[in-house]
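Reviewing the structure listed below.
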Protein chains: 2
Amino acid sequence: MSDHTHPSPAESLIAAQGGRITRTRVAVLDILLAAEQSLTHDEIGVALDDKGIKHDRVTLYRTLDWLVESGVAHKMAGDDRARRFGVAASGPHEHAHFHCDRCGKVVCLEGLQPAVAVNLPGGYQLDRAELVLHGACPTCGKGA
Amino acid sequence: MSDHTHPSPAESLIAAQGGRITRTRVAVLDILLAAEQSLTHDEIGVALDDKGIKHDRVTLYRTLDWLVESGVAHKMAGDDRARRFGVAASGPHEHAHFHCDRCGKVVCLEGLQPAVAVNLPGGYQLDRAELVLHGACPTCGKGA
DNA sequence: GGTGGTTTTGCAACATAGTAGCATTTGCGC
DNA sequence: GCGCAAATGCTACTATGTTGCAAAACCACC
Ligand SMILES: [Mn+2]
Ligand SMILES: [Mn+2]
Ligand SMILES: [Zn+2]
Ligand SMILES: [Zn+2]
């Protein structure tokens, strides 16, 4: 796609996963890296439009799936029925999230994963723990 | 609905929330109370059919919404895009959940809510913490 | 820089989960 | 029982995500 010799952070990330550098992937990753909150498929679609990047609904779904499968991005099922996507700027996705119950926005709380000292009932194998904090974000909390 | 003088646990729970005792509400609550895992709208619909309880898709959605709003049941957004419902047999919904990533089933881990000692960035107001443990359930873990 | 095979895209059709409006029925306080 | 608010059943609709397949874009290799 791009022919210059200095790969962008997005391009590097994609290449590191063995994926092809394509218009949509780079643009989506740019958007996610620049966002300070998780975004829905639809919000990313609008952001692509704003950038003048032509794209297809299905391609965007597949691009997001690929980013998640590759471990570059993460996916969160919200209370509304839209999944939200984000990238952790630094390293892998091992952190908690804050979900504002008023405006619905979801932010990554990097560097915040509490020691979950749980003793599971016998037979359960724990792979990972997912912590979501609910409440009001700074913007929404102001009025209270 | 029922005319006997001994209200069932389901009936008591419904009445305690100021709701009317209806066929669907009682049957759904009975199902949720008997289930040892969270159930989807669809699974509950099948269970109602099995019980011979005629019902409408939309009514079931509204019944479940009412149970959640009343605080009797809880709703979880899963990785598949179906919400799962459950009731905590004892008291309010303050516990973690285990999600089996292989078979997709979700169980309540009652009496297991870790002290989440997180210090949020300034401005965030914490209402509640939601903890979901991912891994393999006893059934699915056997083969590993 | 061109070529060829593989990956990715675009499009159309489909599937699933949930919602809205409104007339009819039902629970229940009286 | 009566009356009225609450709940239900229908129909239609929306939002979100998926599948199959042909066309286009990447890029390793020369
Ligand atoms: Mn995150
Ligand atoms: Mn639970
Ligand atoms: Zn907010
Ligand atoms: Zn399992």
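Numbers restart at 1 for each chain; the letters A, B, ... are given by sequence-line order, proteins then strands. Heavy atoms only: backbone and side chains are in, while hydrogens, waters and symmetry mates are out.
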Report yes or no: does B/Glu11 contribute a side-chain atom to a donor-acceptor pair with the main-chain N or O of B/Ser8 at less than 3.5 Å?
yes
Looking only at heavy atoms, which two atoms of A/Ala47 and A/Ile31 are closest? And how far apart?
CB-CD1, 3.6 Å
Separation of C/dT8 P from A/Ile21 CD1 (nearest whole Å):
10 Å
Nearest to the side chain of A/Tyr61, heavy atoms from C-beta on, is which of C/dA17, C/dT9, D/dT18?
D/dT18
Within the pair A/Thr22 and D/dC26, is there a side-chain N or O less than 4.0 Å away from OP1 or OP2?
no
Pairwise 5' ranking along DNA chain C for A/Val58 and A/Thr63, keeping only the more 5' one
A/Thr63
We want to know whether B/His95 and B/His97 form a side-chain donor-acceptor pair, criterion being a heavy-atom distance below 3.5 angstrom.
yes
To the nearest Å, give me how far apart NZ (B/Lys54) and C1' (D/dT8) are.
9 Å
Verify the contact: side-chain N or O of A/Thr59 to OP1 or OP2 of C/dT8, cut-off strictly under 4.0 Å; return yes or no.
no
Could a donor-acceptor pair under 3.5 angstrom be found where the side chain of A/Arg62 meets the base of C/dT9?
no
Quick one, B/Asp101 with B/Lys105, criterion salt bridge (charged side-chain N to carboxylate O under 4.0 Å, His left out). Give me CA distance, side-chain angles, the key distance, then yes/no.
CA-CA 8 Å; B/Asp101 287 329; B/Lys105 97 178 173 189; over 6 Å; no
Under 3.5 Å, is there an N or O donor on one side and an acceptor on the other linking the side chain of B/Arg25 and the base of C/dG27?
no
Any N or O donor-acceptor pair linking the side chain of A/Arg81 to the base of D/dT16 at under 3.5 Å?
no
Quickly work out the A/Asp56 CG to D/dG17 P distance and round it to whole Å.
15 Å
Whole-Å gap separating C1' (D/dT16) and CG (A/Asp80):
11 Å
Look at all strands and tell whether B/Arg83 reaches a base, only sugar-phosphate, or nothing, counting heavy atoms closer than 4.0 Å.
sugar-phosphate
Does the A/Glu69 side chain pair with the main chain of A/Trp66, one donor and one acceptor, at a distance under 3.5 Å?
no
Of the candidate nucleotides D/dT8, C/dC28, C/dT9, which contains the atom at the shortest distance from the side chain of B/Arg20?
C/dC28
Heavy-atom nearest nucleotide on DNA chain D taken for A/Gly19 and for B/Gly19; more 5' hit belongs to B/Gly19
Is the backbone of A/Arg20 close enough, under 3.5 Å, to the side chain of A/Arg25 for a donor and an acceptor to pair up by distance?
yes
Nearest whole angstrom, please: distance from the C1' of D/dG9 to the CG of B/Leu48.
15 Å
Taking five pairs at each end of the helix from C/dG1-D/dC30 to C/dC30-D/dG1, what angle separates the two helix axes (nearest 10°)?
40°
Does B/Arg84 make a side-chain N or O approach to OP1 or OP2 of C/dA17 shorter than 4.0 Å?
no
For the student: nearest non-hydrogen atoms of A/Lys51 and A/Ala27, plus distance
NZ-O, 4.0 Å
When you measure from the side-chain N and O atoms of B/Thr24 to the phosphate of D/dT8, is any distance below 4.0 Å, counting only OP1 and OP2?
yes
So what does A/Thr40 touch, heavy atoms closer than 4.0 Å: a base, only the sugar-phosphate, or nothing?
nothing
Between P on D/dT18 and NZ on A/Lys75, what's the gap in Å once rounded to a whole number?
7 Å
With ring centroids as reference points, do A/His41 and A/Tyr61 lie under 6.0 angstrom apart?
yes
Here the distance between atom C1' of C/dC11 and atom CG of A/Leu60, to the nearest Å, is 15 Å
Taking only the side-chain nitrogens and oxygens of B/Arg57, find out if one of them lies under 4.0 Å from OP1 or OP2 of D/dC13.
no
Output the rounded distance in Å from CH2 (A/Trp66) to C1' (C/dT9).
15 Å
